[in-house]
Protein chains: 2
Amino acid sequence: MTIKEVSEKYDLSADTIRYYERIGLIPHVPRKENGIRDFDEASCGWVEFIKCMRGAGVQVEALIDYVALFFQEGTEAARKDILVEQRARLQEQLENLQTTMQRLDYKISHYDEILKCSEKLKS
Amino acid sequence: MTIKEVSEKYDLSADTIRYYERIGLIPHVPRKENGIRDFDEASCGWVEFIKCMRGAGVQVEALIDYVALFFQEGTEAARKDILVEQRARLQEQLENLQTTMQRLDYKISHYDEILKCSEKLKS
DNA sequence: TATTGACTTCGAGTGGACTCCAAATGCTAC
DNA sequence: GTAGCATTTGGAGTCCACTCGAAGTCAATA
């Protein structure tokens, strides 16, 4: 697959994909003889994985570390540590999000009240 | 309250609080005659609100708009629209977060397996 | 053969959200 | 009154994660 196809498949700009590859998030992308990227399944898998992680706000730095460890043997524990730490971050973020959404719901219902009343007043 | 006290109370740097005030996120902070900020309850309330929203990732721009509308009458519908839109964003983010956490859980349990096996092999 | 358009690299530029700095002023303690 | 610390302003600097531009290569088409 060309970078354009991958870009469309995962809804990421080609620039972003090249950037991810450059900094080590998408390892070993195969090339044709002329140097043009020719993504195979493994590379697509990495693109999809990175997109998912970034979409949830996992830091690029942590992903760089994880991907680098992935290609060294005996680093399973270290890789797991990264995932566990990132999971904890996401858990925290999840709680923030829930609290804030409740607060927004409360405020929204408050505005609903107000708007309902001002409707009534008009009629 | 001085900015330092507010900063400690809400665990935000004084610079951040000044920045928020400057861009319009914390309106009408009272001053003493010498020009030094003297936060009252209302201002603290805004600080706390903004901290909560920012902590969940609500964009500064949306908050600026909301705060500005807050001091104009008859803008209830517009204010509500902002909150509804931001809530939708957070909902989306919540779903990303949940998907990604499940994926991390799966990967973590996979590493647990691997590490358990390599423990056994050693003994 | 000339143009069009996708691809390449490298480095620079951007946008969002802070974060820091300099210079001035003010409060408190010695 | 002067040392030392907090505060003020305005503007500059930083960090992260892209995003864009320039200059070049290559393949297909008019």
Side-chain angles (χ1 to χ4, degrees), chain A residues 1-40 43-44 46-47 49-67 86 89-90 93 96 100, chain B residues 1-26 28-40 43-44 46-47 49-68 82 85-86 89-90 93 96 100:
Chain A
M1 286 181 109
T2 66
I3 199 164
K4 182 143 188 257
E5 286 163 340
V6 176
S7 150
E8 280 159 10
K9 182 167 180 186
Y10 297 107
D11 193 30
L12 287 171
S13 80
D15 271 324
T16 299
I17 296 171
R18 280 190 213 100
Y19 164 69
Y20 284 166
E21 187 192 3
R22 181 162 23 138
I23 64 174
L25 292 189
I26 302 167
H28 313 319
V29 178
R31 308 288 181 124
K32 295 193 212 149
E33 306 85 65
N34 56 18
I36 288 178
R37 291 172 184 81
D38 184 18
F39 289 77
D40 58 8
S43 291
C44 284
W46 280 107
V47 172
F49 172 67
I50 295 300
K51 179 186 171 157
C52 177
M53 295 296 134
R54 288 293 307 127
V58 175
Q59 286 159 354
V60 166
E61 190 63 31
L63 295 171
I64 290 174
D65 292 349
Y66 180 78
V67 174
Q86 295 307 313
R89 285 183 194 281
L90 297 193
Q93 182 59 12
N96 282 341
T100 304
Chain B
M1 286 182 108
T2 66
I3 199 165
K4 182 144 189 256
E5 287 162 339
V6 176
S7 149
E8 280 159 10
K9 180 165 179 187
Y10 296 108
D11 193 30
L12 286 171
S13 81
D15 270 323
T16 299
I17 296 170
R18 281 191 213 98
Y19 164 68
Y20 283 166
E21 187 192 3
R22 181 162 23 144
I23 64 174
L25 292 190
I26 301 167
H28 313 319
V29 178
R31 308 289 180 126
K32 294 192 215 152
E33 306 83 65
N34 55 20
I36 287 179
R37 289 173 186 81
D38 184 18
F39 289 78
D40 58 8
S43 291
C44 282
W46 281 106
V47 172
F49 172 67
I50 296 299
K51 180 188 168 155
C52 177
M53 294 297 134
R54 288 293 308 129
V58 175
Q59 286 160 355
V60 165
E61 190 62 30
L63 295 170
I64 291 174
D65 293 348
Y66 179 80
V67 175
I82 291 176
E85 193 195 324
Q86 295 308 313
R89 284 182 195 281
L90 297 193
Q93 182 58 14
N96 280 341
T100 304

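Keep in mind that what you see is a predicted model, and the values were worked out from it rather than measured. Letters go in sequence order (proteins before strands), and every chain restarts at 1.
When the C1' atom of D/dT25 is taken as reference, atom NZ of A/Lys32 falls 14 Å away, rounded to whole Å. For A/Glu61 and D/dC16, the CD to P distance is 8 Å, given to the nearest whole Å. Going from atom OH of B/Tyr10 over to atom C1' of C/dC18 covers 20 Å, rounded to whole Å. Atom pair B/Asp38:CG and C/dG26:P shows a separation of 17 Å (rounding to whole Å applied). Atom-to-atom, CG of A/Leu25 to C1' of D/dC18 comes out at 12 Å; the value is rounded to the nearest Å. Distance B/Glu8 CD to D/dA6 P: 10 Å, rounded to the nearest Å. Between B/Ile36 atom CD1 and D/dC5 atom C1' there is a gap of 12 Å when expressed in whole angstrom units. Regarding A/Ile50, its CD1 atom lies at a distance of 12 Å from the P atom of D/dA17, rounded to whole Å.
Ionic pairing of B/Glu85 and B/Arg89 is present here: one or more N-O contacts between side-chain nitrogen and carboxylate oxygen are shorter than 4.0 angstrom. The residues A/Lys4 and A/Glu8 are annotated as salt-bridged, a charged nitrogen and a carboxylate oxygen being separated by less than 4.0 angstrom.
A close approach under 4.0 Å does not occur between any side-chain nitrogen or oxygen of A/Arg31 and OP1 or OP2 of D/dT25. B/Asn34 has a side-chain polar atom (N or O) that falls below the 4.0 Å cut-off from OP1 or OP2 of C/dC27.
The side-chain hydrogen bond (donor to acceptor under 3.5 Å, both in side chains) search around A/Arg54 returns none, not counting sequence neighbours.
Put simply, the side chain of B/Asp38 never gets that close to the backbone of B/Arg31: no donor and acceptor are under 3.5 Å apart.
Closest to the B/Gln59 side chain, of the nucleotides C/dA17, D/dC18, C/dT8, is C/dA17. Taking only side-chain atoms of B/Thr2, from C-beta outward, the nucleotide of C/dC18, D/dT7, C/dC7 with the closest atom is D/dT7.
The minimum heavy-atom distance between B/Ala62 and B/Gln86, with the atom names listed, is CB-NE2, 3.3 Å.
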Verify side-chain contact (heavy atoms from CB on, under 4.5 Å) between B/Ile17 and B/Phe39, making sure each step is shown before the conclusion.
-> CA-CA 11 Å; B/Ile17 296 170; B/Phe39 289 78; 3.7 Å; yes
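Residues from residues 11-22 of chain A placing a heavy atom under 4.0 Å of any atom in DNA chain D, listed by number, are A/Asp15, A/Thr16, A/Tyr19, A/Tyr20, A/Arg22.
Here the side chains of A/Ile50 and A/Met53 are not in contact, with every heavy-atom distance at 4.5 Å or above.
If you check every strand for non-hydrogen atoms under 4.0 Å, A/Ile23 touches nothing.
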